[in-house]
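Predicted, not measured: the structure shown is a model, and the values here were computed from it. Numbers here simply count residues along the sequence, with the first being 1.
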Amino acid sequence: MREAQVTRSTLETQISVKLDLDGSGKAKLATGVPFLDHMLDQVARHGAFDLEVSAKGDLHIDAHHTVEDIGVTLGQAFAKAIGDKRGVRRYGHAYVPLDEALSRVVVDLSGRPGLEMQVEFVRARIGEFDVDLVREFFQGFVNHALITLHVDNLKGENAHHQAETAFKAFGRALRMAVELDPRVEGVPSTKGSL
């Protein structure tokens, strides 16, 4: 069973994440940040992961700590659920369009944290959501999931569409990377570990 449950508690946030990599795309989300709930729902649905996230954060200041710490905690849950990565495909990629917007995400379950993100949002906010927090979420995730992640928005004139295509493509790319490959017996690396 490739599942994990992680709780993180700091003076700024209290976060609980439950993740099943072999789920069916069900999500139960209560982050206190409605736009992030919408984006995490896309990750679960398009990644075919079952995902539960509950968060309480210092939203009276802003959403920064909450969004970042959700990325951290989800990354920790991902690392725990994927285990030693035996038999996985390791690499994943996806292109996802939404009307005028198009994003590409490429992932490597490398065991090394790395984020390359090229998204020039057309505006600074999506409703109440600060678009800078998209990077904070992904950075928190890769730092703790220990993956290499490239996120590129190739086209877009609507910031909501830009973000949504990035999160959908993230889910699809992760789904491909964690998929079990019946032709791979061990860990897909010449080093013997990831």
Any side-chain heavy atom of V105 sitting closer than 4.5 Å to one from L149? yes
More than 12 heavy atoms of other groups within 6.0 Å of H38 NE2: yes
Using atom types as modelled and distance alone, determine if a side-chain donor or acceptor of E3 lies under 3.5 Å from a backbone N or O of K18. no
I'd like to know if the side chain of R135 reaches the main chain of M117, judged simply by a donor and an acceptor atom lying under 3.5 Å from each other, with no hydrogens or angles considered. yes
Assert yes or no for the condition that the ring centre distance of F35 to H160 is strictly below 6.0 Å. yes
Say whether, by atom type as modelled, one donor and one acceptor occur between the side chain of R2 and the main chain of V178 under 3.5 angstrom. yes
Please answer whether the main-chain N or O of R125 pairs with a side-chain N or O of R123 as donor and acceptor at a distance below 3.5 Å. yes
Can you confirm whether D41 sits close enough to L51 that some side-chain heavy atom of one is under 4.5 Å from a side-chain heavy atom of the other? no
Considering residues, nucleotides and ligands other than I61, do more than 12 of their heavy atoms fall under 6.0 Å from its CD1? yes
Would you find a donor on one side and an acceptor on the other, under 3.5 Å apart, between the side chain of D50 and the backbone of S24? yes
Would you confirm whether T73, through its side chain, and I70, through its main-chain N or O, come within 3.5 Å as a donor-acceptor pair? no
Under 3.5 Å, is there a donor-acceptor pair between the side chain of E136 and the main chain of H64? no
Side chain of D37, backbone of T31: donor and acceptor closer than 3.5 Å? yes
For the side chain of E100 and the backbone of E157, is there at least one donor-acceptor N/O pair under 3.5 Å apart? yes
Donor-acceptor pair, distance only, cut-off 3.5 Å: does the side chain of D58 make one with the backbone of H60? no
